[in-house]
Amino acid sequence: LDFPEQKVRDQGARCMDCGIPFCQTGCPVNNIIPDWNDLVYRNRWKEAVRVLHSTNNFPEFTGRICPAPCEAACVLGINEPPVTIKVIERSIVDRAWNEGWIVPEPPEKRTGKKVAVVGSGPAGMAAAQQLNRAGHWVTVFEKADRAGGLLRYGIPDFKMEKHHVDRRVQQMEAEGVAFRTNAHVGANVSIEDLRNDFDA
């Protein structure tokens, strides 16, 4: 169930903005957790999603499937329940999608360089999005019939519904990323083909 907005803001208010934010160092992607906790508390959701996206391309994925080592590292957890960081992260990004704040961000200029990304799992998708936004032409090769890799085929629907993956793939395509499915590099797509197509 969705967490009521006031409860999310109350949880953001519980963050102590520690001098050394152990939650942030406990986070594998170094999310700037105290900052977006404070922004949520202050009802500045649009700024919160910008801060969240500054370190994490796909917070709707991590907000659902990450085991939340940030919460285990929360200093407040020494003598009280820790801040519900994972719920706040998911609430921020879900609200951003619902409000229409997350839109395609194509690059202003293209470099003319081409990049092949092999695999469309979370790392491949994040690399592709960052490289595309830097102005390179990016093609993602996926051996399965749909993009998403582990996100689609390794995580059950009760943990993360696949429409979250589809939505990001559509955003990336609108930004200029090309996805080639049923393209198994080393099998039906040769390394030589990649070299010929992507060598500048």
Side-chain angles (χ1 to χ4, degrees), residues 26-31 49-50 52-70 85-87 89-94 96-98 100-200:
C27 174
V29 296
N30 289 323
N31 277 330
V49 78
R50 192 172 64 245
L52 184 52
H53 272 133
S54 72
T55 54
N56 188 343
N57 289 69
F58 311 119
E60 68 271 33
F61 303 163
T62 53
R64 286 173 167 79
I65 60 175
C66 178
C70 55
I85 298 165
K86 185 174 172 178
V87 169
E89 176 182 17
R90 189 172 63 240
S91 299
I92 292 168
V93 71
D94 286 352
W97 278 110
N98 292 338
W101 298 333
I102 299 174
V103 295
E105 298 176 32
E108 291 181 15
K109 293 181 182 179
R110 289 288 179 181
T111 64
K113 295 180 179 177
K114 297 186 287 182
V115 180
V117 174
V118 179
S120 67
M125 284 180 63
Q129 188 173 60
Q130 291 298 113
L131 289 163
N132 180 72
R133 288 179 177 179
H136 309 311
W137 291 107
V138 180
T139 303
V140 180
F141 292 83
E142 171 55 52
K143 67 181 178 181
D145 62 340
R146 287 179 288 173
L150 175 70
L151 296 166
R152 184 175 300 280
Y153 295 107
I155 297 169
D157 281 349
F158 73 86
K159 291 288 283 181
M160 187 180 74
E161 302 89 345
K162 301 311 173 260
H163 70 88
H164 297 292
V165 180
D166 295 334
R167 187 168 55 186
R168 281 296 182 176
V169 169
Q170 290 165 6
Q171 178 199 24
M172 291 171 65
E173 287 176 330
E175 292 176 349
V177 176
F179 287 88
R180 283 187 50 193
T181 55
N182 296 309
H184 190 173
V185 174
N188 65 347
V189 176
S190 72
I191 299 298
E192 201 55 44
D193 289 340
L194 286 186
R195 286 196 176 116
N196 291 338
D197 288 346
F198 291 90
D199 276 351

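What you see is a predicted model; the values in this text were computed from it and never measured.
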Check [X] against [Y] and note the closest heavy-atom contact, atom names and distance.
X	Y	value
N188	A183	OD1-C, 3.6 Å
V138	A128	CG1-CB, 3.7 Å
P104	A174	CG-CB, 3.5 Å
V115	L131	CG1-CD1, 3.7 Å

Check: [Y] and [X] side chains under 4.5 Å, non-hydrogen atoms:
X	Y	value
T139	V117	no
M160	E60	no
R64	K159	no

K143, NZ atom: more than 12 neighbouring heavy atoms under 6.0 Å: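 12 or below, so no.
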Tell me if the CH2 atom of W137 is crowded by more than 12 foreign heavy atoms within 6.0 Å. no
Please list, chain by chain and in numerical order, all residues satisfying salt bridge (Lys or Arg N to Asp or Glu O under 4.0 Å) with [X], sequence neighbours excluded.
X	result
R90	none
D166	R152
D145	none

Partner of F179 by side-chain contact (heavy atoms from CB on, under 4.5 Å), out of E142, M172, R146: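 With F179 as partner, E142, M172, R146 yield a single side-chain contact (heavy atoms from CB on, under 4.5 Å), made by M172.
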side-chain contact (heavy atoms from CB on, under 4.5 Å) with M125: which of V140, N57, V169?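 It is V169, the one option of V140, N57, V169 that forms the side-chain contact (heavy atoms from CB on, under 4.5 Å) with M125.
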Taking ring pair (Phe, Tyr, Trp, His ring centres under 6.0 Å) as the test, write out the residues that go with F141, two or more places apart. F198
Take T55 and N31, measure what side chain to side chain donor-acceptor pair (under 3.5 Å) needs, and give me the verdict at the end. CA-CA 6 Å; T55 54; N31 277 330; 2.6 Å; yes
Between atom CZ of R167 and atom CZ of F58, what is the distance when rounded to the nearest 0.5 Å?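 Atom-to-atom, R167:CZ and F58:CZ are 12.0 Å apart.
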Look up atom NE2 in H53 and atom CD in Q129, then write down how far apart they are to the nearest 0.5 Å.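 Rounded to the nearest 0.5 Å, the NE2-CD separation comes to 7.5 Å.
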Can you name the residues that form a side-chain hydrogen bond (donor to acceptor under 3.5 Å, both in side chains) with E161, not counting sequence neighbours?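 side-chain hydrogen bond (donor to acceptor under 3.5 Å, both in side chains) list for E161, sorted by chain: H164.
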With sequence neighbours left out, the residues meeting side-chain hydrogen bond (donor to acceptor under 3.5 Å, both in side chains) with D193 are S190
